[in-house]
Amino acid sequence: MATEEMAVMLLNRLSTLETQRMTWEHHWQEVADYIVPRKADITKKRSAGDKRQELIFDGTAIHSAELLSASLHGMLTNASTPWFSLRYRDNETDMMDEAKEWLEGATDVMYQAFQRSNFQEQVHELYHDLITFGTGVMFVEADEENQIRFGTRHISECYVSEDDQGRVDTVYRKFKMPVRAAAMRFGEDVLSQKMTKALAEDPYSEVTIIHVVRPREDRDVTKEDTLNKPFLSCYIDPDEKIIMSESGYDEFPYTVPRYLKASFELGYGRSPAMTALPDVKMLNKMSETTIRAAQKQVDPPLMVPDDGFMLPIRTVPGGLNFYRSGTRDRLEPLNIGANNPLGLSMEEQRRTAIRSAFFVDQLIMGEGPQMTATEVVQRTEEKMRLLGPVLGRLQAELLQPLINRVFNILARQQAFLPAPEILQDRDIDIEYVSPLAKAQRSGDVQSVMRLFELIGPMGQLDPGVFDYMDTDGMVKYLIKVLGVPASTVKGEAEVEEVRTQRAEQQAQQQEMAQMMQMAEAAGNAAPAVKAVGALDEAQAAAEAEQQPVEAEIEEVV
């Protein structure tokens, strides 16, 4: 296909995606106006640095959204704690100590790459987009300096489409960049006449560019060049309808998670901010009304007689007002009869509803009686389990494609140590060991520990109950659930070797004990043997003395 025809075809598909997204844009704009004003550039286009809080009279929703996004960041991808590990799909291979240690080394390399990159700052923006707009878009690409680079894209720039399994596999991004940056990235020879003229006259002026990433429909699988990669990457000048650059990716470079998603709605998701939006708008209107009522009570309007006073009325401190001498007319404040406590009570109801939508009460332990350490642990686990329904979708649409993409990029960069031959063509699975993922499995750990607590007293009455316990299986299960590092746990071969050595030592100790018992028995029997020997000697001597006497008697006879 010619490049001009391809550019026209891709732009026609973009117009369809723009039509499909149109109904979402007004919803996003309202959410941004009241909850995330710094990103309120969807249907309204404002200058950089412009004030955007003109509709906000109460910041409860803003603070609640920031708290929930920060909590998700800390419980899913915390920089200070492990949040994923790798394991082999084949259980036999996964039990091999050499295989586990190589895989743990690869995991360490991935963590170092995450820490070296801009991942933490970009993923926080992604969580904030999830909480507010319901859809987040992050771009993951290789970087020459830091191995990996991440970029969270504003929802207003992106148009997405799903595959047959409901996963986003197509992203059109419409964005602006300085024309000098476009020349540096794509080269001056591919710029249109309009861009070339702008580059010469005003290199800091911005131009519109469209980046298309979608599955490549026609490719030669026998070739490994960028033009035959599984995913197409194409930069287009929409004004001139020309392709500025064409390449490809081995994996889909975007991760597009949705917080919640209706089965009949394609592409985009819904968020807690959308759920709380009616209460947020109502609270801001109530706050505005309450503020005005309070102003009227603090600085009430004045009732001025129609005659007898010299205008203007001065209400400043120390102001002088002149009135006709002898008149009884006075300036009086207008009592509007406002009921401020009622208004404040209704506002607090709306604030409570907003906090509930963002799980604020569950995320923050309120002040109360002193709790024990066990109660704190249980409260923390309960808090994390409340976010469990969100974990499944985020694992499938954010963490899994993110980890796969990073692993493949590092593998192509040869960042891992050479794998042993036994690990060739072995499938690898991802295990999530973040605090939120562990909280989902904490109930199983408590069940195992509870079993030990109950069987202990029963074993004192009947030791046979311990026959039901498979201690090896329980230890393996606890290691798996708790996400214990492989470097701190012995492998199957090492455990078998230790047990063999222990059995040999026990056999040697038993043999030595038997020999000591035999020696001790021999020592105890020595006096008796000696006495028996002395008796035998005495008897033999007596017999020897008796034989000559008998001989003499025989001679006499």
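Using a 4.5 Å heavy-atom threshold, the side chains of S245 and V190 count as separate. Counting heavy atoms from C-beta outward, D129 and I155 have side chains that stay 4.5 Å or more apart.
A donor-acceptor contact closer than 3.5 angstrom is absent between the side chains of Q112 and D108. A donor atom on one side chain and an acceptor atom on the other are found under 3.5 Å apart for R185 and Y235. With hydrogens and angles left out, the side-chain atoms of S233 and H211 include a donor and acceptor closer than 3.5 Å. Side-chain atoms of T255 and E397 form no donor-acceptor pair, as typed in the model, at a separation below 3.5 Å. When only modelled atom types and interatomic distance are considered, S117 and N146 share no side-chain donor-acceptor pair under 3.5 Å.
Aromatic ring centres of F133 and Y268 lie farther apart than the 6.0 Å criterion allows. Ring to ring, F252 and F231 are close: their centroids are under 6.0 angstrom apart.
The heavy-atom pair separating C158 from R21 by the smallest distance is O-NH1, 2.8 Å.
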**From CA spacing to verdict: salt bridge (Lys or Arg N to Asp or Glu O under 4.0 Å), E246, R216** = CA-CA 12 Å; E246 181 181 356; R216 197 183 293 273; 3.5 Å; yes

**Asked** Is there a side chain to side chain donor-acceptor pair (under 3.5 Å) between S71 and Y127 once you walk through the steps?
**Response** CA-CA 9 Å; S71 299; Y127 288 129; over 6 Å; no

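Here the CZ atom belonging to R350 is positioned 12.5 Å from the CG atom belonging to N284, to the nearest 0.5 angstrom.
Judged purely by atom type and a 3.5 angstrom limit, Q29 uses its side chain to pair as donor or acceptor with the backbone of T43.
In this structure, K241 does not pair ionically with E5, as no charged nitrogen and carboxylate oxygen lie closer than 4.0 Å.
When the shell of 6.0 Å around CZ of R52 is examined, it contains more than 12 heavy atoms from other residues, nucleotides or ligands.
Between F114 and the choices V109, V406, V123, the side chain to side chain contact (heavy atoms under 4.5 Å, CB included) rule is met once, by V406.
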